[in-house]
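Here's the structure we're looking at; comments come further down.
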Amino acid sequence: MTTLEDYLREDARLYPDKTAVVCGAETCSYRQLHERAVARSADFIVQKGRVVPFRASQTTDFIVTYLAIHLAGAIAAPLEKDMPQELFDEMAENLSRHILPEDIADVLHTTGTTGRSKGVMVSHRTIVADGLNLIAGQGFTHELTFIVNGPLNHIGSLSKLFPVIMVGATLIIIDGMSDMNRFFEALDYQAPKLATFFVPATVRMLLRFAPERLAQYAEKFDFIEFGGAPLAHADMLLLCRLLPHTRLYNTYASTETGIISTYNFNDGHCTAGCLGRPLPHSRVAITAEGRIACQGDTLMSGYVGDPQLTASVLSHGTVVMTDLGHIDAEGRLHIEGRQGDVINIGGYKVAPSEVEDAALLWPAVSDCICIATPHAITGPALKLLVVMAGDAELDKRGLARHLAHLLERYKVPMVYQKVNHIERTPNGKLNRQFYR
């Protein structure tokens, strides 16, 4: 079986009445999902070999449309569901100009750190390799029910569809986490095993407003995956306490690389920054500059209509990331921050994420970001912007002493400021560009 749709056809034969997708009050069996996708594919036959843009709604119909486009031999390009129509039309027109390689299944858009939208070409082989990596790394099984709460046009949530279909499991779709009650209602679904995926911003929201409620489901969770950005070590430690028997995975993945590695940090060690060993269809190395380089079947095929940008990232079967990292003696990948995020303080290089992780261990700190700020005497200095928990006041000296116990002297910020919120990107990452 070389495509996701091959697996779907086999599911419909082997498990026709098994629930494939749950969305609100709607349920869809594997037989129904396959039949609906085949019927819908007739709408896209005339677009065979072309890119088909469509809005990524959090619905069963999205899954049907996505699979139908593939079955028709066309290329799926899911776009933001709330995108202004003018922008949608502009992106659709741009995509219509390009004839893509025959094996391309999807075009997924990502902005990365530049703010410029890039169409990433993903092949059918990559989709299957991503699914196999997740099955091997996290133990997706036929009995599993996976809850997707994030946008299905992003690799973090869309990629969970792959192993679910490949093992004939069940997918529950909810529309975001703005209403946490909807998420907890999904956790009440009768299933022997439950799993889900969170970005760090969602984790912080749950740990701030509903930690006890999350802990009530400790025995139902088989595993939880975290991705999109590094998870704060303080959050990792708290999750291990709340969910002592749940496998908790930090995964290294991106639209350009696919699913590369994963690490269960609820292993008794909870190693900060660890992302585990490369999964079966991936390989990693560290360049001379300390950047993470990825290889294998999960890599993108390139950027749509931009061979120059493609060559700057993908060369000789290797995608070189801006992430800095190292590989330990056990062959596990560790991330040390992004190359462009490193702050030079008097000749010392500081990864701001290390400062932020230490600050979040201070009980009164709810959120924070470490940035560079001009200083009249020392030149660039470290500044910590802090969101306090509840009505707590910022004790600058107390926080500085706390950090001094955990970090080298040059990593302890000189300036502290209380703020109401920290700017983040739509997928929950700290928006460092905003503060530059």
Side-chain angles (χ1 to χ4, degrees), residues 2-5 37 40-57 59 61-130 151-159 161-162 254-258 297-322 425-427 433:
T2 58
T3 70
L4 187 63
E5 291 67 38
R40 182 74 59 81
S41 68
D43 297 340
F44 304 108
I45 289 294
V46 296
Q47 293 170 283
K48 183 176 182 179
R50 309 292 298 190
V51 183
V52 180
F54 64 111
R55 293 182 184 271
S57 60
T59 62
D61 191 66
F62 167 84
I63 306 296
V64 171
T65 302
Y66 176 76
L67 296 168
I69 291 170
H70 291 170
L71 286 169
I75 299 161
L79 300 176
E80 297 281 353
K81 65 174 180 176
D82 298 322
M83 178 181 291
Q85 187 61 44
E86 184 178 345
L87 179 57
F88 181 93
D89 293 341
E90 179 185 326
M91 294 184 71
E93 197 280 328
N94 179 60
L95 289 169
S96 70
R97 300 191 198 117
H98 303 286
I99 300 296
L100 305 189
E102 191 172 318
D103 64 335
I104 301 302
D106 296 347
V107 173
L108 303 179
H109 284 82
T110 179
T111 56
T113 58
T114 64
R116 174 189 171 192
S117 181
K118 299 169 288 187
V120 178
M121 295 184 289
V122 177
S123 69
H124 286 284
R125 182 180 69 173
T126 286
I127 287 174
V128 172
D130 278 336
L152 286 164
N153 57 304
H154 291 164
I155 188 68
S157 293
L158 180 63
S159 64
L161 175 64
F162 310 157
S254 71
T255 314
E256 286 87 349
T257 65
D297 290 341
T298 64
L299 301 188
M300 70 170 182
S301 299
Y303 296 113
V304 175
D306 201 333
Q308 185 174 357
L309 181 61
T310 298
S312 71
V313 175
L314 173 62
S315 178
H316 303 293
T318 302
V319 169
V320 179
M321 305 295 287
T322 58
T425 64
N427 62 355
Q433 189 67 31

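Given the structure is predicted, the values throughout are model-derived calculations rather than measurements. When reading the values below, keep in mind they use all heavy atoms of this one structure, side chains included, and skip hydrogens, waters and symmetry mates. One-based numbering along the sequence shown.
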[X] vs [Y] side-chain heavy atoms within contact, under 4.5 Å:
{"X": "Glu256", "Y": "Thr110", "result": "yes"}
{"X": "Pro53", "Y": "Met91", "result": "no"}
{"X": "Lys118", "Y": "Leu309", "result": "yes"}
{"X": "Ile155", "Y": "Val120", "result": "no"}
{"X": "Glu80", "Y": "Leu87", "result": "no"}
{"X": "His98", "Y": "Val51", "result": "no"}
{"X": "Leu4", "Y": "Leu67", "result": "yes"}

Checklist entry - With Asp61, which residues qualify under side chain to side chain contact (heavy atoms under 4.5 Å, CB included), at least two apart? => result Arg36, Arg40, Thr59, Thr65
Checklist entry - Sequence neighbours excluded, which residues qualify as side chain to side chain contact (heavy atoms under 4.5 Å, CB included) partners of Thr318? => result Ala293, Gln295, Val320
Next on the checklist: For a quick test of reading the model, state the closest non-hydrogen atom pair linking Val52 to Ala74 and the distance between them.
Outcome noted: CG2-CB, 3.8 Å
Item to check | Closest non-hydrogen atom pair between Ala77 and Leu95, with its separation | outcome: CB-CD1, 3.9 Å
Distance in Å, [X] [atom1] paired with [Y] [atom2], rounded so as to fall on 0.5 Å steps:
{"X": "Asp106", "Y": "Thr255", "atom1": "CG", "atom2": "OG1", "value": "11.0 Å"}
{"X": "Phe44", "Y": "His70", "atom1": "CZ", "atom2": "NE2", "value": "11.0 Å"}
{"X": "Asp297", "Y": "Arg125", "atom1": "CG", "atom2": "CZ", "value": "4.5 Å"}
{"X": "Asn153", "Y": "His109", "atom1": "CG", "atom2": "NE2", "value": "10.0 Å"}
{"X": "Asp103", "Y": "Ser301", "atom1": "CG", "atom2": "OG", "value": "5.5 Å"}
{"X": "His124", "Y": "Ile75", "atom1": "NE2", "atom2": "CD1", "value": "8.0 Å"}

Checklist entry - Is the Tyr66-Phe54 ring centre distance short of 6.0 angstrom? => result no
Checklist entry - Under the side-chain contact (heavy atoms from CB on, under 4.5 Å) criterion, do Gln85 and Arg55 qualify, and how do the steps go? => result CA-CA 10 Å; Gln85 187 61 44; Arg55 293 182 184 271; 2.9 Å; yes
Checklist entry - Counting only heavy atoms not in Gln308, do more than 12 fall under 6.0 Å of its CD? => result no
Next on the checklist: As a quick check of understanding, evaluate side-chain contact (heavy atoms from CB on, under 4.5 Å) for Phe162 and Thr126, giving each step before the final call.
Outcome noted: CA-CA 10 Å; Phe162 310 157; Thr126 286; over 6 Å; no
Checklist entry - Is there a side-chain contact (heavy atoms from CB on, under 4.5 Å) between Thr3 and Ile127 once you walk through the steps? => result CA-CA 8 Å; Thr3 70; Ile127 287 174; over 6 Å; no
Checklist outcome for this item: Quick note, side-chain hydrogen bond (donor to acceptor under 3.5 Å, both in side chains) partners involving residues 41-52, not counting sequence neighbours, are none
Checklist entry - Is there a donor in the side chain of Asn94 and an acceptor in the side chain of Glu90, or the other way round, less than 3.5 Å apart? => result no
Checklist entry - Do any N or O atoms from the side chain of Thr257 and from the backbone of Ser254 form a donor-acceptor pair under 3.5 angstrom? => result yes
Item to check | Heavy-atom donor-acceptor pair, Thr310 side chain to Asp306 backbone, under 3.5 Å | outcome: yes
